[in-house]
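Ligands are counted one by one from 1 in listed order, and the atoms in each one are counted from 1 as well.
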Amino acid sequence: MSIKRTKMLAVLKERKAPGVNIKMVPLPKLQKEEVLVKVIYASICGTDIGIYDWNAWAAGHIKPPQIIGHEMVGKVMNINTSSKTDIKIGDLVSSETHIFCLNCYQCQIKNYHICENMKLFGIGRNGSFAEYATIPLRTTWKNDAKIPVETMSVQEPLGNAVNVVTKARVKGKKVLVMGLGPTGLCAGAVAKAYGAKEVVGVNRREYRRRLAMKMGFDWVVEKVDPQEYGTFDVVLEMSGNRLGIQIALDAARIAGKIIAFGIPKENINIDWGKYMINKELAIESVFGRMIWDTWKDTTKLLVSGKIDLRKIITHRFKLSEFEKAMEIMKSGEAGKILLEP
Ligand SMILES: [Zn+2]
Ligand SMILES: [Zn+2]
């Protein structure tokens with residue numbers, strides 16, 4: 001498909017400072033082994049808040065000027081490859097954020113998601129908060145056309161949740177979900193879909209607890225008191241909060257399992273002897289999605305209708321209204337926010 005335009009609207013991190021610039025920029029040039037897409041929807045991730053505010057993590061990962069945004073669905077306009085691919089012009093594709101190198105030890109053993117030389121889409125290179133974007137062919141995911149288009153943009157948190165819940169092996173288990181951000185919300189829904197006996201969510205915000213009930217949690221609480229609720233076979237630690245992690249350690253039963261997903265902003269002290277030795281807790285961690293196994297499992301959940309991500313899409317904005325969308329995102333009173341270029 002030929003594109004006659006030469007300029008497009010984009011959300012640009014132009015300076016090493018808080019805020020963004022929303023402006024017209026040249027269309028991206030398609031490089032070798034890349035796909036050019038017309039962005040249909042992009043969605044805002046928690047990471048984008050830190051980038052917007054220019055926190056220490058963003059300062060270490062982004063080199064302005066750069067187009068930000070990594071969650072998206074777009075229509076393939078052009079492909080530049082010399083190898084065989086099943087991706088065709090007109091396909092609806094999403095991007096895997098973790099751009100792997102294919103050469104390191106982890107890539108050789110197919111652990112692409114924890115590549116030693118990983119680059120990040122919309123973080124270490126131009127991303128999806130724009131009318132057009134280019135994606136490396138090797139991190140382009142062809143969506144199943146049976147999935148509602150608006151939810152194709154929101155598969156990153158669901159994929160994280162699928163990876164977390166798969167590792168936790170929840171069938172027949174009593175599960176606690178600490179923290180109800182988008183991935184926590186999805187984790188509860190996936191745990192139910194994968195046969196958990198009971199799924200309890202914890203969040204201090206009523207808004208988020210209500211979203212959790214919509215996603216199929218059995219019940220939600222503001223605080224979990226092990227004295228009152230008993231202990232859990234599995235705790236999914238999605239909050240990355242110091243207090244949340246402490247509660248996870250106490251709420252897990254003896255020889256229970258904790259999956260660590262939420263990333264703390266500070267160093268965390270653990271009473272190693274009490275929890276790791278005396279209590280024989282199994283603590284495993286999850287980073288991102290298995291490429292492409294998690295995406296395949298995510299597709300099954302979406303196509304079967306077992307998970308409906310439309311329940312967590314709470315707002316839609318034009319791309320030009322990015323700053324308004326970011327304000328709502330920061331308030332905490334939002335599920336996923338879709339942007340339409
Ligand atoms: Zn993200
Ligand atoms: Zn690698």
Side-chain angles (χ1 to χ4, degrees), residues 11 13 20 33 39 41-55 57-58 60-62 66-74 93-130 133 135-141 151-164 179-187 238-240 261-265 285-295 298 309 312-315 322 325-326 329-330 332 334-339:
V11 178
K13 191 79 195 174
V20 290
E33 302 306 321
V39 178
Y41 293 108
S43 38
I44 303 178
C45 173
T47 312
D48 296 320
I49 299 176
I51 295 170
Y52 184 85
D53 288 341
W54 200 244
N55 63 11
W57 183 88
H61 284 80
I62 296 194
Q66 197 209 287
I67 298 167
I68 62 169
H70 57 270
E71 298 182 7
M72 54 79 66
V73 55
V93 297
S94 293
S95 59
E96 164 57 58
T97 308
H98 299 153
I99 304 170
F100 46 92
C101 77
L102 279 174
N103 296 318
C104 73
Y105 174 70
Q106 293 301 333
C107 282
Q108 279 168 29
I109 60 168
K110 296 192 162 63
N111 271 338
Y112 305 115
H113 69 299
I114 43 172
C115 166
E116 291 165 29
N117 309 308
M118 191 188 298
K119 277 197 186 153
L120 300 168
F121 183 65
I123 294 159
R125 52 156 281 158
N126 282 336
S128 59
F129 291 164
I135 312 170
L137 184 60
R138 68 178 182 282
T139 50
T140 300
W141 173 252
T151 68
M152 288 175 183
S153 176
V154 193
Q155 292 176 92
E156 179 180 88
L158 178 58
N160 292 336
V162 165
N163 201 7
V164 164
L180 301 173
T183 304
L185 290 168
C186 289
M238 315 303 282
S239 72
F261 178 82
I263 302 176
K265 292 190 182 76
S285 59
V286 160
F287 179 77
R289 304 143 297 279
M290 301 296 286
I291 304 167
W292 296 99
D293 288 351
T294 301
W295 286 80
T298 300
L309 285 175
I312 59 164
I313 298 170
T314 53
H315 298 78
F322 178 79
M326 189 47 88
M329 186 78 187
K330 285 206 237 177
K336 291 303 290 186
I337 300 180
L338 283 187
L339 299 168

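- Leu120 approaches Ile99 most closely through the heavy-atom pair C-CD1, 4.2 Å.
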Tell me, with the steps shown, if Asp48 and Met326 meet side chain to side chain contact (heavy atoms under 4.5 Å, CB included). CA-CA 9 Å; Asp48 296 320; Met326 189 47 88; 4.1 Å; yes
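- Classified by interplanar angle (parallel below 30°, tilted 30° to 60°, perpendicular above 60°), the ring pair Trp292/Trp295 is perpendicular.
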Side chain to side chain contact (heavy atoms under 4.5 Å, CB included), that's the test. Do Trp54 and Lys13 meet it? Break it down for me. CA-CA 9 Å; Trp54 200 244; Lys13 191 79 195 174; 3.4 Å; yes
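- Listed here is the closest heavy atom pair of Tyr105 and Glu116: CB-OE2, 3.5 Å.
- The Zn ion (ligand 1) has Cys45 SG, His70 NE2, Glu156 OE1 as its protein N, O or S neighbours under 2.8 Å.
- Take the Zn ion (ligand 2) and draw a sphere of radius 2.8 Å; the protein N/O/S atoms inside it number 4.
- The side-chain heavy atoms of Ile135 and Met72, taken from C-beta on, include a pair separated by under 4.5 Å.
- Checked by atom type and distance alone, the side chain of Ser43 pairs as donor or acceptor with a backbone atom of Ser153 at under 3.5 Å.
- Look at Arg289 and Glu96 and you find a salt bridge, because one of the NZ, NE, NH1 or NH2 atoms lies within 4.0 Å of a carboxylate O, short of that distance.
- The aromatic rings of Phe322 and Phe129 sit tilted relative to each other, their planes meeting at an angle between 30° and 60°.
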